[in-house]
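Accompanying notes for the structure given below.
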Amino acid sequence: MSNTLSETSNTTQRYTITAALPYTNGPIHIGHLAGVYVPADIYSRYLRLRGHDVAFICGSDEHGVAIPMKAKKEGVSPQEVIDKYHKIIKDSFEDFGISFDNYSRTSSQIHHQTASDFFKKLYDQGEFIEEVTEQLYDREAHQFLADRFVTGTCPRCGNEEAYGDQCESCGSSLNATDLINPKSTLTGSKPVLKETRHWFLPLDRYESFLRTWILEGHKNDWKPNVYGQVKSWIDEGLKPRAVTRDLDWGIPVPVAGAEGKVLYVWFDAPIGYISSTKEWAAREGKDWEPYWKDKNTKLVHFIGKDNIVFHCIIFPSMLNVHGDFILPENVPANEFLNLEGNKLSTSKNWAVWLHEYLEEFPDKQDVLRYALTANAPETKDNDFTWKDFQARNNNELVAIFGNFINRVVVLTNKYYEGIVPEPGTFTETDREVLGELKSFPEALGNSMERYRFREASQILMNVARLGNKYLADEEPWKVIKNDPERVKTIMYVALQIASALAVLSEPILPFTSEKLRKMLDQEGDQKLNWNELSTMETLLPAGKQINTATLLFTKIEDSEVAHQLQKLENTKKMNEAANKTVEPQKETATFEDFSKMDLRTGTILEAEKMPKANKLLILKVDTGIDTRTIVSGIAQSFKPEDIIGKKVTVLVNLAPRKLRGVMSEGMILMTENAEGKLVFVNPDEDGVTNGTVIS
RNA sequence: GGCGAGGUAGCUCAGUUGGUUAGAGCGUCGGAUUCAUAACCCGGAGGCCACGGGUUCAAAUCCCGUCCUCGCUACCA
């Protein structure tokens, strides 16, 4: 019997596997699971089964401006926010069977120390650029204001409630210093400009390192989506990036004169992988350093595609200039998962929340793991539907996997009172089937090691298919009538397949694997490991007493799917209702204010796309007064040829403004329909001539 | 607009150092079977491989152009 496993994968290897730190401003949903935690867990479990030395590391990301923002909104302290979500997240991961060796949090003392030391070392090496800029400062609160903490009038659309980073009325992205009449949301006072010093990581200096390491070194072993994204960033030109913020929530900048400043959350978060490893090692009485410093250790980051730049460019640059650390071997980032055709959204509550799933589908962790793996967004965005979830369960887990185990165990109990029979002479078919069985560990392992978990889930199912086919072909229930001796061999072979399934299913279906091991009495020292599947002649020895059959999976009824769909439908309705809440009336305008605005009816004469812009159309409008050029950001709602001749309402005396080099003399009045599509505001009867005053 | 990723069967996806009739699972239709959660097993139908050019003896695969989806980025009522 030849050992089909490759030599390299049989030698023990040290792995440090990280899963993106979840941000503690909301619970975990299926998008996070499919993209990061399920694949990372499958990979980690697989490597452990192969006997490798694995540190599977994660923790809560608890810094950043969004935490105090949320705290303020809910009227609680930032600490209460992070404690709440840290607990929800940690508990739901545990219930779900994500096998982290350590789940830490970035508010921990060990992390503060580690991140602080990391910064200090780079600072002492002179890696940072220091720069002084003017930022808005709240004199009453004695602190600088992050963009989100400033509101004011949007310079573009006049909305008086625009945030410092973005106007939610017109969608413009802004700088806080652009706002007219800025107001601090902390105290309501008017912020002033004040100089502040910050430290920047000069990414531009690391370009050649990144090009050599990734673009040349990982051209073939990194996923195309990851490689392409990285190349795109590098080719666009890297710029120095601020690694400090004026904020009172986070890790203080460990430098004299940096009071009131903290490390930028994206600087400290990935260091959390290191501190979490330290925490684990201390608890386990191990040395953490080889996991981060030994050249033979393989470091793998599991993340979603939104994190590519941080894990492929910024963090490796930090590790590299620090000097002591190894670089990631791979960053198998996944794309995004959608839910029933729409993007997942925490704020819109468009999600399947893990903690809710665990309550509503008790003891069905593996079903979700399987459904998310079989339909994982490995190469492109994918859609999760409850119908698919049901089909994966009923047609694959129940009908193929569960059914095979059930028939084998039921027959064994029926014919032999649960004792594994002594096989006779193997037929050609028996030998072929057993031979094929021995090839699965390698095939499955290959998929795992190439991060192709979707493929792995199908290969696993093929093991059960092999078993079902073997039983269908050999028909022991018929043979028992005239050749009971032969049936012993058949059942023995079928039991070997069941036994292999107990091991092979562990990475993807850990709960099922455990139940199956119990059923086959393969626990404790009876427990087989992955490598033995191909080398051992006998997986389940004759004479062994197994237990009676219990169902591994149960059907999911249409009513359960309907219930979940109804839940989402309700969310949609709630969102619609929320969108209907009309904006509050603005403060009173005098008649004089209104009469300043000169509104006229007009007609669009010409329309063309603004070159090199996505949203802009250049319009020629007959205003009755003249024919003038107006640049309007409506290109995503209308094609130029469709709006020629359209009657419109024009604000003609708006101060002219240059947009992308074209002078725009006026504004077309628009509103929006329920789908967010723009709609012209225009006279609804014909015969109104251009230039007619609107009053 | 720039850059990146994707566009293959009704659905979800494999498949590119170019090479015989393009694959899998699910769904569908038919057959067989009854040990098993009416499940399993066998077979059939179903594809101008987004579109248009080009290179080649040969293109899903390489080149050029176009369209669509997603992301980043620019820009924006």
Side-chain angles (χ1 to χ4, degrees), chain A residues 154 156-159 167 169-173 223-237 304-306 308-309 333 335-336 338 343 371 374-385 387-388 391-392 394-415 447 452 454-455 457-459 461-462 464-465 467-480 487 490-491 494 549-555 609-617 630-637 657 659-661 664 667-672 678:
Chain A
C154 172
R156 302 270 161 70
C157 72
N159 167 31
C167 171
S169 172
C170 71
S172 308
S173 51
K223 292 171 65 166
N225 57 335
V226 177
Y227 184 89
Q229 188 65 48
V230 169
K231 188 171 185 310
S232 175
W233 275 86
I234 295 176
D235 287 347
E236 263 173 48
K305 69 172 162 184
D306 50 329
I308 291 174
V309 63
E335 301 285 300
F336 287 155
N338 295 323
K343 283 176 199 179
N375 193 28
E378 284 175 1
T379 54
K380 61 177 175 187
D381 290 1
N382 254 335
D383 198 24
F384 176 93
T385 64
K387 195 165 167 282
D388 179 73
R392 293 286 180 194
N394 293 359
N395 302 334
E396 299 183 31
L397 292 176
V398 174
I400 297 170
F401 193 119
N403 186 37
F404 168 66
I405 297 303
N406 193 48
R407 18 193 344 205
V408 173
V409 176
V410 164
L411 285 177
T412 304
N413 277 288
K414 196 172 187 173
Y415 298 155
S447 294
R452 298 171 74 140
R454 173 201 278 275
E455 182 179 83
S457 70
Q458 291 313 299
I459 293 175
M461 204 47 68
N462 286 341
R465 287 196 172 97
N468 277 321
K469 181 168 166 48
Y470 178 73
L471 285 183
D473 289 348
E474 297 305 315
E475 302 178 303
W477 50 90
K478 268 189 186 169
V479 177
I480 194 81
V487 173
I490 296 170
M491 291 316 299
T550 54
L551 297 183
L552 292 176
F553 302 101
T554 54
K555 285 209 160 191
K609 281 207 71 178
M610 170 81 78
K612 300 188 176 192
N614 240 358
K615 300 187 181 175
L616 297 181
L617 292 184
I630 295 176
V631 179
S632 188
I634 57 174
Q636 290 183 323
S637 294
R657 183 190 160 95
L659 295 168
R660 291 230 129 208
S664 177
M667 188 165 107
I668 311 279
L669 266 51
M670 309 293 301
T671 186
E672 208 175 87
L678 294 175

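Letters A, B, ... are given to chains in the order of the sequence lines, protein chains preceding strands, and every chain is numbered from 1.
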Applying side-chain contact (heavy atoms from CB on, under 4.5 Å) to A:Ser457 and not counting sequence neighbours gives A:Tyr370, A:Thr373, A:Ala374, A:Ile508

With both distances under 3.5 Å as the test, what is the Watson-Crick or G-U wobble partner of B:U34? none

Sequence neighbours excluded, the answer for salt bridge (Lys or Arg N to Asp or Glu O under 4.0 Å) partners of A:Lys469 is A:Asp473

Watson-Crick or G-U counterpart of B:A39, or none if no pair lies under 3.5 Å: none

Sequence neighbours left out, what passes salt bridge (Lys or Arg N to Asp or Glu O under 4.0 Å) with A:Arg407? Give chain and number order. none

Taking a pair as Watson-Crick or G-U wobble with both distances under 3.5 Å, which nucleotide is matched to B:C3? B:G71

Expressed as a whole number of Å, how far does the P atom of B:G25 sit from that of B:U21? 22 Å

Does the A:Asn225 side chain pair with the main chain of A:Lys380, one donor and one acceptor, at a distance under 3.5 Å? no

Among pairs that include at least one residue of residues 225-235 of chain A, which meet salt bridge (Lys or Arg N to Asp or Glu O under 4.0 Å), considering only residues two or more places apart or in two chains? A:Arg211-A:Asp235, A:Lys231-A:Asp235

Inter-nucleotide P distance (B:C70, B:A77), Å rounded: 23 Å

Quick one: CG on A:Leu397 to CG on A:Leu552, what's the gap to the nearest 0.5 Å? 9.5 Å

Rounded to the nearest angstrom, tell me the gap between atom CG in A:Asn462 and atom C1' in B:A14. 13 Å

Distance in Å, A:Ile308 CD1 paired with A:Trp233 CH2, rounded so as to fall on 0.5 Å steps: 10.5 Å

Flag the pair A:Glu335 and A:Lys305 as a salt bridge only when some basic side-chain nitrogen lies within less than 4.0 angstrom of an acidic carboxylate oxygen. yes

B:A24 pairs with which nucleotide, Watson-Crick or G-U wobble, both distances below 3.5 Å? B:U12

Measure the distance from CG on A:Asp306 to P on B:U73 and round it to the nearest whole Å. 11 Å

Once rounded to the nearest 0.5 Å, what's the spacing between atom CG of A:Leu411 and atom CG of A:Leu471? 7.0 Å

Integer angstrom distance from the C1' of B:C48 to that of B:U34: 45 Å

For B:C75 versus B:U66, give the span between their P atoms, rounded off to a whole number of Å. 24 Å

Watson-Crick or G-U wobble mate for B:C62, both contacts under 3.5 Å: B:G54

Separation of the C1' atoms in B:G47 and B:G54, to the nearest angstrom: 24 Å

Would you mind telling me which residue lines up with the more 5' stretch of RNA chain B, A:Gln458 or A:Lys343, judged by nearest nucleotide? A:Gln458

Testing the 3.5 Å rule here: is there a donor-acceptor pair between the side chains of A:Arg465 and A:Asn462? yes

Taking the same atom, P, in B:G1 and in B:G44, what whole-Å distance lies between them? 47 Å

In whole angstrom, what separates A:Glu474's CD from B:A32's C1'? 16 Å

Produce a footprint string for nucleotides 33-42 of chain B: one letter per nucleotide, 5' end first; B if the base is under 4.0 Å from any protein heavy atom, S if only the sugar-phosphate is, - if neither. SSBBB-SBSS

Given atom CD1 of A:Ile308 and atom P of B:U73, what is their separation to the nearest angstrom? 12 Å

Would you tabulate the pairs of protein nitrogen or oxygen atoms and nucleotide nitrogen or oxygen atoms of nucleotides 2-12 of chain B closer than 3.5 angstrom?
from	atom 1	to	atom 2	distance (Å)
B:C3	O2'	A:Ser232	OG	2.8
B:G4	O2'	A:Gln229	N	3.3
B:U12	O3'	A:Asn382	OD1	2.9
B:U12	O2'	A:Asn375	OD1	2.9
B:U12	O2'	A:Arg454	NH1	3.4

Pairwise C1' distance for B:G43 and B:G53, with rounding to whole Å: 42 Å

Give the rounded distance in Å between these two atoms: CG of A:Leu616 and P of B:A77. 8 Å

Distance check, C1' atoms only: B:C11 and B:G27, in whole angstrom units. 7 Å

Integer-rounded Å distance: B:G25 P and A:Glu396 CD: 10 Å

